[in-house]
Amino acid sequence: QVQLVESGGGSVQAGDSLRLSCAASGRTFSSYIMCWFRQAPGKEREFVTTITYNGGRTSYADSVKGRFTISRDNGKNTVYLEMNSLKPEDTDVYYCAAGRRPGAAYVGAYDYWGQGTQVIVSA
């Protein structure tokens, strides 16, 4: 079983930056596709970004392109989400997930999920 723990969320103002981290358990981290989703109250979980086994391929939702960057450090079993130029509409709970479908942008592709970390962006 892969266990994921997100951290780094908080409350910031529009235009600020945050760096989220997702720490994974086990020694098979590099064999998983990793991703970030986000979810607002009353909304479906929304794809944000995903990254392949060793970072060779990434993809982003249009809403975050040019502002967010996903990266991974397999030696540390950690995935990061660097968020810049934050907007109020980025206010969501952010979830890290692991799966085996490269480039997948849907919830069903991922098998393991973290508990989420809250990001609040004030106007």
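Taking a 6.0 Å sphere around CD of Gln13, one finds it holds 12 or fewer heavy atoms contributed by other residues, nucleotides or ligands.
In this structure the side chain of Thr69 reaches within 4.5 angstrom of the side chain of Tyr60, judged on heavy atoms. In this structure the side chain of Ile33 reaches within 4.5 angstrom of the side chain of Tyr53, judged on heavy atoms. Taking 4.5 Å as the limit, every side-chain heavy atom of Leu20 sits out of range of all side-chain heavy atoms of Glu6. Looking at Ser63 and Glu46, their side chains come closer than 4.5 Å, going by heavy atoms from C-beta outward. Trp36 has its side chain out of reach of Met83: every pair of non-hydrogen atoms, C-beta onward, lies at least 4.5 Å apart.
Minimum heavy-atom separation, Ser122 to Pro88: C-CG, 4.4 Å. Considering all non-hydrogen atoms of both residues, Thr78 and Ser21 come closest at CG2-CB, 4.3 Å. Heavy atoms only, all atoms of each residue included: Pro102 and Thr52 are closest at CB-CG2, 4.2 Å. Closest approach of Ala24 and Phe29 over heavy atoms only: CB-CD1, 3.5 Å. Minimum interatomic distance between Asn84 and Ser17 (heavy atoms only, all atoms of both residues): OD1-OG, 2.9 Å. Taking both residues in full, the closest heavy atoms of Thr50 and Met34 are given as OG1-O, 2.8 Å, listed atom of the first, atom of the second, then distance.
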May I have the step-by-step check of side-chain contact (heavy atoms from CB on, under 4.5 Å) for Arg100 and Ser31, ending in yes or no? CA-CA 8 Å; Arg100 298 189 183 277; Ser31 69; 3.9 Å; yes

Does the pair Val121 and Glu89 meet the rule for a side-chain contact (heavy atoms from CB on, under 4.5 Å), with working shown? CA-CA 8 Å; Val121 185; Glu89 51 262 46; over 6 Å; no

Stepwise, does the side-chain hydrogen bond (donor to acceptor under 3.5 Å, both in side chains) test hold for Tyr80 with Arg72? CA-CA 6 Å; Tyr80 304 96; Arg72 66 191 296 166; over 6 Å; no

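Grouping the Ile, Leu, Val, Met, Phe, Trp and Tyr side chains by contacts below 4.5 angstrom, directly or via other members, places Phe47 apart from Ile70. No continuous path of ILVMFWY side-chain contacts below 4.5 Å connects Tyr110 to Tyr32, so the two sit in separate hydrophobic clusters. Note on Val64: it clusters hydrophobically with Val12, by side-chain heavy-atom contacts below 4.5 Å among ILVMFWY residues. If you chain together hydrophobic residues whose side chains sit under 4.5 Å apart, Val2 and Tyr94 fall into the same group. Criterion: ILVMFWY side-chain heavy atoms under 4.5 Å apart, direct or through other members. Under it, Phe37 and Ile51 are not part of a common hydrophobic cluster.
Residue pairs meeting the disulfide (SG to SG under 2.5 Å) criterion with at least one member in residues 66-123, sequence neighbours excluded: Cys22-Cys96. Residue pairs that meet the disulfide (SG to SG under 2.5 Å) test with at least one member in residues 51-93, sequence neighbours left out, do not exist here.
With Tyr95 as the aromatic partner, Arg38 does not meet the cation-pi criteria of under 6.0 angstrom to the ring centre and within 45 degrees of the ring axis.
Hydrophobic cluster of Val5: no remaining members, since no ILVMFWY side chain lies below 4.5 Å from it.
With respect to the salt-bridge test (charged N to carboxylate O, under 4.0 angstrom), the residues Lys87 and Asp90 do not qualify.
Within the 3.5 Å criterion, the main-chain N or O of Ser59 finds a donor-acceptor partner in the side chain of Thr49. Looking at Asp92, its side chain does come within 3.5 Å of a backbone N or O of Ala40 through a donor-acceptor pair.
Interatomic distance, Leu86 CG to Ile120 CD1, rounded to the nearest 0.5 Å: 12.0 Å.
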